Amino acid sequence: MFLQQAGFWRTPKLIVDAPFYLDVTLCCGQVFRWEKVDDWWFGVASDKTFKVRQLGNLVEFENVDWPFVENYFSLDMDLQKISASINRDLHIRKALKEYFGLRLIRQDPWECLISYICATYKSIPAIRHMLNNMAQKFGEKTSFDGRTFYTFPKPEMLARATEQKLKECGLGYRAKYVLATTKQLCEGGFNLESLRKLPYPEAKAALMELPGIGAKVADCVLLFSLGKTEAFPVDVWVKRVILNHYGDKLAPELLQRLTTRGSLSNVDYRRLNEFGRSYFGEYAGYAQEYLYHYERIAI
DNA sequence: CGTGGGCCTGTCTA
DNA sequence: ATAGACAGGCCCA
């Protein structure tokens, strides 16, 4: 992965011998709590507070070791192979070319789950706001590099919250879903990690049993934290991508409904999801992320 | 079993 | 300024 290590021991500098585009990876909407100060990104992941930056193919980081960084940014995945696998048409080819090096982050499943319950019907700045409020109220305070951070609250901590307290974090109607799901994870026999072993459809069905988790949230959790690269979340942006660039690959009737109706029905979600997975294959989730980001930036 | 309407509230635009 | 629309959907009737 890296060819050489040099420099001051506290700040390892690694020449990464694999395509990696840090800024896009952290900006493309998969994670919400990273913060850029000058050219350093500061973040908390699984109770580790660290910073990372990229200068060309030189990646520097502090307060964390290389194996963690490599795993977190899934730099062990062969992006050339993935790219070749999803490179099915001219449109995605442009997205791949523009943002090559965008990586799917391996998030903590618990944090990912709560984050995406909160993400429903909200804009990214608002999601960030909610999650930071929750971390500040229920997480642990840490300090690093002269700055203050809060870890994402553990399930036991959040289980002690009340619906009112969560609403004060700006969650609105999502508060009761977060609380109910948290309690099921703490008390009930629901084990998030065990979903890794299940095939995609079964893991998805299991997630959708939890309060506040529909098909879209389940797909996000599976893709971003449980290693299901074939998951293909369909949000308003992906719907736009499909309408604008893949309409000719859909049934005319479906295309007609999508253009006339605003919101996506459960059935139409499933159809778009199935389209994405069958069209792009086992790495459909990577295709989704490149297309999503490309469409958002193009506005 | 498929569909339509309501929903908390932070942000952004006019 | 202040209202109004919209936001990475989910649940229930």
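Everything quoted here is computed from the prediction, not taken from an experiment. In what follows, chains carry the letters A, B, and so on, assigned in the order in which the sequence lines appear, proteins first and then strands, with residues in each chain numbered from 1.
- Among A:Leu198, A:Leu192, A:Asn191, the single residue meeting the side chain to side chain contact (heavy atoms under 4.5 Å, CB included) criterion with A:Ser194 is A:Asn191.
- Salt bridge A:Asp108/A:Lys154: absent, no basic N to carboxylate O contact under 4.0 Å.
- A salt bridge links A:Glu163 and A:Lys167; the closest N-O separation between the charged side-chain nitrogens and carboxylate oxygens is under 4.0 Å.
- Relative to the ring axis of A:Phe42, A:Arg147 places its NZ or CZ within 45° and under 6.0 Å from the centre.
- Evaluation of A:Tyr121 against the base of C:dG9 yields a stacking contact (centre distance < 5.5 Å, interplanar angle < 30°).
- One N or O donor and one acceptor, one from the side chain of A:Tyr173 and one from the base of C:dG9, sit under 3.5 Å apart.
- A:Thr11 and A:Glu62 share a side-chain donor-acceptor pair at under 3.5 Å.
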| query | Which dot-bracket notation, 5' to 3', represents the base pairing of DNA chain C when pairs are defined as Watson-Crick or G-U with both distances under 3.5 Å, crossing pairs as [ ], and inter-strand pairs as |? | reply | .||||||.|||||

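- A donor N or O paired with an acceptor N or O is not found under 3.5 Å between the base of B:dT9 and the side-chain atoms of A:Lys167.
- Between A:Arg296 and C:dA7 there is no side-chain polar atom (N or O) within less than 4.0 angstrom of OP1 or OP2.
- For A:Asp235, whose side chain is taken as the heavy atoms from C-beta onward, the closest listed nucleotide among B:dC8, B:dT11, C:dG9 is C:dG9.
- Using a 4.0 Å cut-off between charged side-chain N and carboxylate O, A:Glu156 and A:Arg160 make no salt bridge.
- The interatomic distance linking A:Lys216 (NZ) with C:dA7 (C1') rounds to 11 Å, in whole Å.
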